[in-house]
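Remember, it's a predicted structure, so these values are computed and weren't measured experimentally.
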Amino acid sequence: EMEAVLDAIASRGVPWGIVTNKHERFTAPIARGLGLDRRAVVIVCGDTTPHAKPHPAPLLEAARRIGVEASSCVYVGDDRRDMEAARAAGMRAAVARWGYIDPADDVAAWNGDAVLDRRDDLLNWLALA
């Protein structure tokens with residue numbers, strides 16, 4: 001269901017990328033298999049920088065590669081570490097409930113700028129719908 005969301009984001013000229021703690025040897029085949037390697041402007045893996053999330057280094061590296069200020073970025077994630085990394089990088093942050101979130105997790109306590117229940121909520125939150 002993310003394909004339509006990514007199409008909408010791309011059609012508006014908004015660059016996007018992937019920042020994951022998974023190492024490149026695992027990320028690259030998955031990204032290729034899903035065709036995301038051709039769509040994402042940048043893919044930053046857990047071994048791209050000396051630090052992994054929640055350290056801000058991977059998010060700051062993604063912003064640098066895209067060529068935008070971190071403060072102009074939004075990071076969407078499904079883990080508390082994602083929100084911590086975004087905050088430390090000076091980015092807005094949104095919790096994606098459709099990720100690998102334990103139903104018992106209190107995502108409101110993660111201090112994201114938004115909690116997105118459905119994929120389409122991202123477009124509304126970004127005012128791209």
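Listed for the T27 side chain is a donor-acceptor partner under 3.5 Å among the backbone atoms of K22. Listed for the N111 side chain is no donor-acceptor partner under 3.5 Å among the backbone atoms of M83. The closest donor-acceptor contact from the side chain of D82 to the backbone of D78 lies under 3.5 Å.
Taking the side chain as every heavy atom from C-beta outward, T48 and E24 never approach each other to under 4.5 Å. Within the 4.5 Å cutoff, no side-chain heavy atoms of W16 are placed close to those of V74. Between L36 and L6 there is a side-chain heavy-atom pair separated by less than 4.5 Å. Under the 4.5 Å side-chain criterion, counting only non-hydrogen atoms from C-beta, L116 is not in contact with R97. Side-chain contact between C73 and V68 is present, with heavy atoms from C-beta onward closer than 4.5 Å. Side-chain contact between I9 and L122 is present, with heavy atoms from C-beta onward closer than 4.5 Å. Side-chain contact check for R39 versus E3: some heavy-atom pair is nearer than 4.5 Å.
Nearest heavy-atom pair across G17 and I66 is N-CD1, 4.5 Å. The minimum heavy-atom distance linking P58 with V19 is given by the pair CB-CG1, 3.6 Å. The two residues D117 and D121 have their closest heavy-atom pair at N-OD2, 3.1 Å. When all heavy atoms are compared, the tightest approach of A89 to P56 is N-CB, 3.6 Å. The two atoms that bring A52 and G46 nearest to each other are CB-O, 4.5 Å, heavy atoms only.
Residue L123 is grouped with residue W125 when hydrophobic side chains (ILVMFWY) are merged at heavy-atom distances under 4.5 angstrom, including chains of intermediate members. With hydrophobic clusters built from ILVMFWY side chains whose heavy atoms lie under 4.5 angstrom apart, V44 does not share a cluster with L34. Cluster annotation: L128 and M91 are assigned to distinct hydrophobic clusters (Ile/Leu/Val/Met/Phe/Trp/Tyr, side-chain heavy-atom contacts under 4.5 Å, transitive). One hydrophobic cluster, built from ILVMFWY side chains closer than 4.5 Å, cannot hold both V115 and V76; they sit in different ones.
In the displayed structure, R81 atom CZ is contacted under 6.0 Å by at most 12 heavy atoms of other residues, nucleotides or ligands.
A salt bridge links D113 with R87: the distance from a Lys NZ or Arg NE/NH1/NH2 to an Asp or Glu carboxylate oxygen falls below 4.0 Å. Contact check on R64 versus E61 returns a salt bridge, with a Lys/Arg side-chain nitrogen under 4.0 Å from an Asp/Glu carboxylate oxygen. Taking a cutoff of 4.0 Å between a charged side-chain nitrogen and a carboxylate oxygen, R12 and D7 do not qualify as a salt bridge.
With rounding to the nearest 0.5 Å, the separation of CG in D105 from CG in D79 is 8.0 Å.
Taking D120 as the reference, V5, R118 meet the side-chain contact (heavy atoms from CB on, under 4.5 Å) condition, with sequence neighbours excluded.
Listed by first and then second residue, the ring-ring contact (aromatic ring centres under 6.0 Å, His included) pairs involving residues 83-115 amount to none (not counting sequence neighbours). Residue pairs meeting the ring-ring contact (aromatic ring centres under 6.0 Å, His included) criterion with at least one partner in residues 23-79, sequence neighbours excluded, are H51-H55.
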